Amino acid sequence: MKIMPNRMDRGFEMHQKEYEEKALQVLRSGWYVLGQEVKGFEEEFAAKMGAAHCVGLASGLDALWIAFRVLGIGAGDQVIVQGNTYIASVMGISINGATPVFVEPNEFYNMDPGRIEEKITERTKAILVTHLYGQASKMDEIVALAKKHGLRLVEDCAQSHLAAYEGQMTGTFGDVGCFSFYPSKNLGAFGDAGAVLVNDDKLAEDFRVFRNYGSEKRYYNKVVGTNSRLDELQAGLLRVRLSHLEEITRERCEIAKRYLEELHNPRLLLPEVQPGATSVWHQFVVRCQDREELIAYLNEREIGTIIHYPIPPHLSEAYGYLGHKEGFLPITEQYAEQVLSIPIYSGMTQEEQTCVIEALNQF
Ligand SMILES: *Cc1c(COP(=O)(O)O)cnc(C)c1O
């Protein structure tokens, strides 16, 4: 049985009729950018997440860099970010001219709160926390540290739609919660899309103005903004998926539960969820000291896997200018050498799950 790491077509097929009806409705409406669908999605998403405002944007990266821009963080400033995040988090900081300062992750692959304080300097302006692989970070400690040092707190929730820490949704703890709706995300669109959650009225207005060339009123531009508008088609399709998000999330949690119960191979280190947090299992990541051998073995059985992520941002060519060398973040670097994401997706059949479990147990 051939099993791919992800099957976005399955998620579409699950509610195909609803998506097709919504797409036709938007196409026939004659209004394609920033209209009723975007407004409807923003209201519904903010309500579901427990935030005062949602502002739809064109991508997750836009949500991140525009967040630092409207918070006034740029050249000369430092932002603390975890070493093992997706590189887009880091770009959100550096696009504005600010410097990313890397912190090691803990055993849950999230930012280790115990290692933040040693990185704070007079130039530190914010903490960017990524809820990696779908698991909420230890937000009580991180919020307390941000308060204690007067730092802004931005959350990268591209992988954590509906994940919570002590009952509170990720994306609502800090100044800005940044979301991606890239097709492979748990709440995926059918193209690029993103959004921010904010509680502050003025900040929400800043995002609305910035995403539309810095204008509140057409052709009256207050600031040098950008074009980062969520389109009506994506917003409409996202409303459909949002209405099924609990069920989509439950399904992923059930697949993860089976993996955790039925995988027992001493060569694999299984993921754990920290007390107080939930995971929405955007990825199911195992660790293996013989990863290359494992990948080749699974390939032979036609089981596809992905590495999230093979090169940590501080060692990427793009961030060579920061001057970090191998060995600078030993935990991050070890994870990059050992992590492997096994198949998990909406519409994954019991047989496919069994096939993955049997293969991994026989490795
Ligand atoms: C996907 C992702 C992003 C970027 O989102 P895009 O919509 O692709 O720009 C940012 N951060 C993390 C952690 C992601 O997984």
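Since the structure is predicted, the reported quantities are computational estimates derived from the model, not experimental observations. As the structure lists them, so they are numbered: ligands from 1, and atoms in each ligand from 1.
Remark: Lys17 engages Glu21 in a salt bridge, criterion side-chain N to carboxylate O under 4.0 Å.
Side chain to side chain, Gln283 and Tyr109 fail the donor-acceptor criterion of an N or O pair below 3.5 Å. Checking Glu20 against Gln16 by side-chain atom types alone, a donor-acceptor pair falls below 3.5 Å.
Relative ring orientation between His161 and Phe179 is described as tilted, the plane-to-plane angle lying within the 30° to 60° band. Classification of the Tyr321-Tyr319 ring pair by plane angle, with boundaries at 30° and 60°, yields tilted.
Residues passing the side-chain hydrogen bond (donor to acceptor under 3.5 Å, both in side chains) test with Asn212 are Arg229, sequence neighbours excluded.
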Starting from the N and O atoms of ligand 1, find every protein N or O within less than 3.5 Å and list the pair with its distance.
unit_1, atom_1, unit_2, atom_2, d
ligand 1, 5 (O), Ser180, OG, 3.2
ligand 1, 7 (O), Gly60, N, 2.8
ligand 1, 7 (O), Ser180, OG, 2.6
ligand 1, 9 (O), Gly60, N, 3.3
ligand 1, 9 (O), Leu61, N, 2.9
ligand 1, 11 (N), Asp156, OD1, 3.3
ligand 1, 11 (N), Asp156, OD2, 2.7
ligand 1, 15 (O), Gln159, NE2, 2.8
ligand 1, 15 (O), Lys185, NZ, 2.7

